[in-house]
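Take a look at the structure set out below.
By convention in this document, chain letters (A, B, ...) are assigned in the order of the sequence lines, proteins followed by strands, and residues within each chain are numbered from 1. From a predicted model like this one, the values you see are computed outputs, not experimental measurements.
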Number of protein chains: 2
Amino acid sequence: MSVIFSRQCEYALQAVLYLALKPAGTMISIKELTKKLGIPYHFLAKILQDLANQGLLRSMKGPTGGFTLAHPATEITLFHIVEAVDGLDFLNTCVMGFPDCSGNNPCAVHSQWGSLRDGIHSMLVHKNMADLAKEITKPEYKSS
Amino acid sequence: MSVIFSRQCEYALQAVLYLALKPAGTMISIKELTKKLGIPYHFLAKILQDLANQGLLRSMKGPTGGFTLAHPATEITLFHIVEAVDGLDFLNTCVMGFPDCSGNNPCAVHSQWGSLRDGIHSMLVHKNMADLAKEITKPEYKSS
DNA sequence: GTAATATTAGACCAATTAGTCTGAAATGTC
DNA sequence: GACATTTCAGACTAATTGGTCTAATATTAC
Ligand code: FES
Ligand code: FES
């Protein structure tokens with residue numbers, strides 16, 4: 001199992017971060033992304049298409065075509081991507097799997113989990129792509 | 001998607017908690033568990049068998065048979081159950097899906113995720129079944 | 001010992017998620 | 001306009017997880 005987010009979502013996060021590192025408006029092809037990030041070509045294609053349809057990315061066909069951020073990197077957060085790919089269910093589901101995660105009918109770890117979840121939530125909301133681009137040290141993002 | 005743990009693991013947590021509410025040594029049948037907790041009978045059977053094989057539960061066949069905790073409720077933590085069912089991968093995998101989650105090659109949210117993860121980890125370790133049994137208010141656990 | 005009741009074991013099926021393939025449509029270059 | 005290169009759309013396959021079914025075995029009660 002992956003941690004919290006689906007693999008699809010993880011790939012989306014990685015790819016969008018890669019785009020954020022390029023000068024605004026630069027078109028990046030799936031080919032380049034798949035080569036640098038090691039994500040299966042056609043799978044990534046579908047994910048990016050989806051993000052484009054949802055307005056997070058812009059795309060263009062033909063040679064010199066590719067994908068680019070649809071908004072300034074400062075305005076795209078991790079949260080936007082997670083929301084677009086996996087949805088927001090993780091914000092109100094119970095760790096122990098009980099159906100109603102709320103103050104009404106809390107499980108025995110509800111309050112503790114609540115604050116941890118808030119922590120995750122705020123991490124996602126406060127980290128925008130420009131921040132991440134500045135902090136990233138992974139080599140696959142750095143070369144050319 | 002479930003939050004962090006597989007559905008199997010969620011069911012295990014719910015079931016073990018149910019056992020912890022009964023006087024030590026009381027044998028509880030799958031039938032009772034499945035009725036009270038709404039978990040599919042045969043699926044739960046497999047999960048409990050597995051927990052028994054791993055030494056967390058004791059089981060007995062025949063009428064008056066069933067399952068019971070193999071150790072005092074104070075000595076079984078959420079962590080023990082998660083470890084037995086899902087394993088400990090969640091403790092060292094990257095939120096963004098990168099292969100190596102460590103200080104060597106951290107992603108841009110590694111340190112923040114690290115402390116949140118530690119929070120989850122310590123929640124699991126510090127909550128034992130006796131604690132949970134005391135705190136639980138869910139009706140399905142309370143009636144006889 | 002017989003019958004009833006419970007777990008055990010393992011094969012099996014269903015649903016979801018991950019990943020592949022093919023062909024069409026758009027765009028840039030010559 | 002022909003051609004190469006790219007995304008686009010959707011059907012398809014593979015793998016994992018969730019869930020079902022059946023027959024066997026152990027135990028209790030009569
Ligand atoms: S009810 Fe369990 S985490 Fe909210
Ligand atoms: S490297 Fe991403 S969370 Fe550790």
Of the listed C:dA18, D:dA9, C:dA6, the closest approach to the B:Lys61 side chain comes from C:dA6

Worksheet item: Quick one: is C:dT5 close enough that its OP1 or OP2 comes under 4.0 Å of any side-chain N or O from B:Lys31?
Response: no

Which part of the nucleic acid, if any, lies within reach of A:Tyr41 when heavy atoms closer than 4.0 Å are counted: base, sugar-phosphate only, or nothing? base

Side-chain contact check for B:Met60: nearest option of D:dT28, D:dG18, C:dA26 is D:dT28

Rounded to whole Å, CD of A:Glu10 lies from C1' of C:dA18 at a distance of 12 Å

### Query
Taking the side chain as C-beta and beyond, is there a heavy-atom pair between A:Leu56 and A:Val16 under 4.5 Å?
no

Atom CD1 of A:Ile47 and atom P of D:dT7 are separated, to the nearest Å, by 14 Å

The residue, A:Asn53 or A:Gly62, whose nearest nucleotide of DNA chain D is more 5′ is A:Gly62

B:Phe43 CZ to C:dG10 P, in whole Å, measures 18 Å

Separation of D:dT16 atom P from B:Gln8 atom CD, nearest Å, is 15 Å

To the nearest angstrom, the CG-P distance between B:Asp86 and D:dT17 comes to 9 Å

A:Leu48 atom CG is separated from D:dT6 atom C1', nearest whole Å, by 13 Å

Query raised in the report: Do A:Phe79 and A:His121 have ring centres separated by under 6.0 Å?
Result: yes

Report task. Measure up the B:Tyr18 and B:Tyr141 rings against each other and bin them: parallel (under 30°), tilted (30 to 60°), perpendicular (over 60°). Result -> tilted

B:Leu44 atom CG is separated from C:dA9 atom P, nearest whole Å, by 16 Å

Out of D:dC8, C:dC21, C:dT7, minimum distance to the side chain of B:Phe67 belongs to C:dT7

Verify side-chain contact (heavy atoms from CB on, under 4.5 Å) between B:Leu51 and B:Val85, making sure each step is shown before the conclusion. CA-CA 8 Å; B:Leu51 291 175; B:Val85 180; 3.9 Å; yes

Per nearest nucleotide of DNA chain C, the residue lying toward the 5' end, A:Pro40 or A:Thr64, is A:Pro40

- Message: C:dA18, OP1 or OP2 - any side-chain N/O from A:Tyr11 closer than 4.0 Å?
- Response: no

Shortest non-hydrogen pair, B:Arg117 vs B:Asn92, comes out as NH1-CA, 3.5 Å

In whole angstroms, the gap separating P of D:dT16 from CZ of A:Arg7 amounts to 9 Å

What's B:Met27 touching, base or sugar-phosphate or nothing? Going by heavy atoms closer than 4.0 Å. nothing

- Task: Given side-chain contact (heavy atoms from CB on, under 4.5 Å), test A:Leu132 with A:Leu78 step by step and report yes or no.
- Result: CA-CA 9 Å; A:Leu132 295 178; A:Leu78 290 174; 3.6 Å; yes

Heavy atoms under 4.0 Å, any strand shown: does B:Lys46 hit a base, just sugar-phosphate, or nothing?
base

Side-chain contact check for A:His42: nearest option of D:dT6, C:dA9, C:dT22 is C:dT22

- If you look at every strand shown and take non-hydrogen atoms under 4.0 Å, does B:Ile30 touch a base, only sugar-phosphate, or nothing? sugar-phosphate

Against the side chain of A:Gln49, the closest entry in D:dG18, C:dT8, D:dC8 is D:dC8

Ranking B:Gly65 and A:Pro63 by the position along DNA chain D of their nearest nucleotide, the one closer to 5' is A:Pro63

